[in-house]
Amino acid sequence: MAQSASPLVGTRALERRAEYRAVRQLPLFDGVSNETITLAIERGELSHFTFVRDDLVSDTDSVRKGGGRSLFVLHGQVGIALFSSRVLAEEWAWSLSTPSQEKIKKVRTRGPLLRRAEKNLAIFGEGDLLHTQALSGPGIEDCAVFAVTSSEMLSLSPALLSTLATRYDFFAHRLRRASQLVSERLQGIRGLKQEIFDFYVRHGLSVATTLRVRNVDRCIECKSCEMACAKRHGHARLAIHGVRLGMLDFVYSCRTCTDPRCIEPCNFDSIRLDPAVGEVVIHAETCTGCGACAVACPFGAIELIPRSEDNAGDPPLPPRKIASKCDHCASQKDRACISQCPTGALVEISPRDLFHDQSELAKSAAATGYDQTVWLDNQEMLPEEHFEKGLGLLGTQVRRRRQRVGWSWILGGLGFGLALVEIMLRRSSPEASLQHALLRLDGVDPLLARHMVSFHAGCDLAVNLGYVGTALMTLSMVYPLCRRVTALRFISTSATWFDLHVMGGVVGPLFILLHSALKLDNWVSVAFWVLVLVVLSGLIGRYLYTQIPELLHGRELEELAAERALARMRLTYRDAIDTLEGEIAAHRKQALAVARRAGLTATLGWLLIDDLARPSRAVLRWRRLRRLVPTRMRAEATHAASRLILANRRRLLVPRLMEVLAHWRKLHAPFAVVLFILVAIHVLVASMYSM
């Protein structure tokens, strides 16, 4: 096709008769006369082409010079992306000079074309109609259409489309519906969705048939998934800490691509698609360990491992290598990695279910010839909440959810409140206390019952409160054990145990405070003040945890949304945005000074003061913008500025916060151990005296 006047570059796959048969099979052309189609093929207005993966189809320069055409995708996946001029020149040279079979067989050491793009803008699949004329629009430079996978498509000239739309009303309606569906999908890829979409294409997720995804906030990084895989297969075929966006980690594991790059480079047919299981499998008996498949896979799913049996003999031979990849436990009833994940953090999910790229809509609409309008909900496309909040347990085989522990706070708070009311009544109004009522039920004289009502250290109520407080504090000690005791992770998630740890560590000491009746005139007071130090260090540690981005995955998208919001408002409200950016810059300067020069205690103090000042800063910010921005935009602007200030602070202070947290851990854990030793001694002594 490079020799024709068309800007398209590809390999002519069929003769005119075969082209005619291919066109006649498409519902889009139902009702169009045979003569019209035949004449269009003879004139070159209607052509059928095939492209291998990473072929350039058209670009801005070629469209401006030779005119654009419309492409109807029959099979495969086609992308549009922005490229640098250097990359485009290199890729055109490669596309024009390399035979198609060599393109498929040869490993691209520079990686797939979707990785070389500066920004992936859109992808098109079966049934999509795209117009390359759009590449020559104003302000568009170095934009190109390329084959993401091996693809087939029809090329239609603008003159042919105009003729068909004029001659056949039904075809004009079909053309309008097809173009409208593409336009609506493109309009849905904006803002944060554009960043998610670029990630989706760049990392090959759009050509995957299945994805192994780790929910970062749910994972305790116990490596049970990797160990379970290694136990079943002799070697771990997946690795966590893959490419990540927000709360989701796309682990290094085979995705069973629709157009696998790993198969063709193998000269021994040792890796191939097994249609019986629908999986790419490696045949160890013929694998030579050349590594061609591993190099060809751009997604890190294949690695070379030593053959253990080759290390035998006298003298032992150096082990040879063999290719290894995940086959999704095709011969097993379950996937070892997912079944053994104690928290349900690892899930298996379809890319379409995760990203909702709406590619199936065009396919179904094309099957009916676009005779009906297809409605598209842009809100469903590329949902941001998956990356900001995680997937939960969607698609996992482990159906255990994080238990709600709010009830424990309610019960604990209610119990403490009732005990406090009873103590106050006993001291201020004995006749209204529960103890007085119980004594009267036992037949005790009212006057005597009033004198018997009391509360002091060692009374029944105080002792019972001590039991409750000790039980709650003992419950709080389960969390440090959950990483070491596997059984605890199967009972509940580490997040639940942590919630209970915080609840027990806060509510338990309140009961102990009542238990002591504030009688701190003996050695037991040492335990009380140690308890105070444990609680304070725990609360400060919890506060520090909320400031560390490692526990706040997903904030990257929030920051990007805030930046985009301010950039969008700058077009209309420049003075207001300048004011906000000045405040952001000033706060960043303060945080940078603290990060560089302040000590650990000073860093923590500045952080606490800064958080306490946030409400007043928000009020002042609102008042400054009152005359510059309308009310409905003012809230969005102030909220975006607040998010960026917090993001900058976290990013700059992470190293210092980690140091502070490390020192607070050194205080919190030893104090907790000392506290429990003193509690044990106290209980033992109290039991001996009560005998």
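For clarity, every value in this text was computed on a predicted model and none was experimentally measured.
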Salt-bridge contact [X]-[Y] (side-chain N to carboxylate O under 4.0 Å):
| X | Y | value |
| --- | --- | --- |
| R570 | D578 | yes |
| E195 | R202 | no |
| E226 | R237 | no |
| D54 | R115 | no |

How far apart are the closest heavy atoms of [X] and [Y], and which atoms are they?
| X | Y | answer |
| --- | --- | --- |
| L238 | C225 | CD2-O, 4.0 Å |
| D353 | I349 | CB-CG1, 4.1 Å |
| L114 | G204 | CD1-N, 4.4 Å |
| A81 | A117 | CB-CB, 3.6 Å |
| P383 | I196 | O-CD1, 4.4 Å |
| A565 | A640 | CB-CB, 4.4 Å |

Supply the atom-to-atom distance [X] [atom1] to [Y] [atom2], rounded to the nearest 0.5 angstrom.
| X | Y | atom1 | atom2 | value |
| --- | --- | --- | --- | --- |
| I584 | S642 | CD1 | OG | 9.5 Å |
| K119 | I80 | NZ | CD1 | 15.5 Å |
| R617 | T638 | CZ | OG1 | 12.5 Å |
| L628 | Y573 | CG | OH | 11.0 Å |
| L382 | R185 | CG | CZ | 10.0 Å |
| F299 | S253 | CZ | OG | 13.0 Å |

Main-chain N/O of [Y] paired with [X] side-chain donor or acceptor, under 3.5 Å:
| X | Y | value |
| --- | --- | --- |
| N215 | A345 | yes |
| Q194 | N120 | yes |
| S616 | A613 | yes |
| H356 | M381 | no |
| D249 | G242 | yes |

Heavy-atom check, side chain of [X] versus side chain of [Y], under 4.5 Å:
| X | Y | result |
| --- | --- | --- |
| H639 | L644 | no |
| L248 | R214 | no |
| L500 | S408 | yes |
| S359 | I123 | no |
| T210 | S350 | no |
| L566 | L580 | yes |
| R212 | V347 | no |
| C229 | R335 | no |

Side-chain atoms of residues 82-89: list all donor-acceptor pairs with protein atoms under 3.5 Å, sequence neighbours left out, distances to 0.1 Å.
from, atom 1, to, atom 2, distance (Å)
S84, OG, V87, N, 3.3
S85, OG, D142, OD2, 3.4
R86, NH1, E90, OE2, 3.0

Is the [X]-[Y] ring centre distance short of 6.0 angstrom?
| X | Y | answer |
| --- | --- | --- |
| H587 | W606 | yes |
| F511 | H515 | no |
| F387 | F355 | yes |

Candidate pair S206 and F197, rule side-chain contact (heavy atoms from CB on, under 4.5 Å), full reasoning: CA-CA 9 Å; S206 67; F197 180 82; over 6 Å; no

Other residues, nucleotides, ligands: >12 heavy atoms within 6.0 Å of R352 CZ: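 Buried by this count: over 12 neighbours within 6.0 Å.
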
Would V148 and F146 count as a side-chain contact (heavy atoms from CB on, under 4.5 Å) if you check the C-alpha gap in whole Å, the side-chain angles of each, and the deciding distance to 0.1 Å? CA-CA 6 Å; V148 178; F146 66 99; 3.7 Å; yes

Under 6.0 Å from the six-membered ring centre of F250 and within 45° of its axis: does the NZ or CZ of R244 meet both?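 No.
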
Go through L205 and L211 one step at a time and tell me if the side-chain contact (heavy atoms from CB on, under 4.5 Å) criterion holds. CA-CA 8 Å; L205 308 181; L211 298 174; 3.7 Å; yes

Test side-chain contact (heavy atoms from CB on, under 4.5 Å) applied to L514 and L510, step by step: CA-CA 7 Å; L514 298 181; L510 293 177; over 6 Å; no

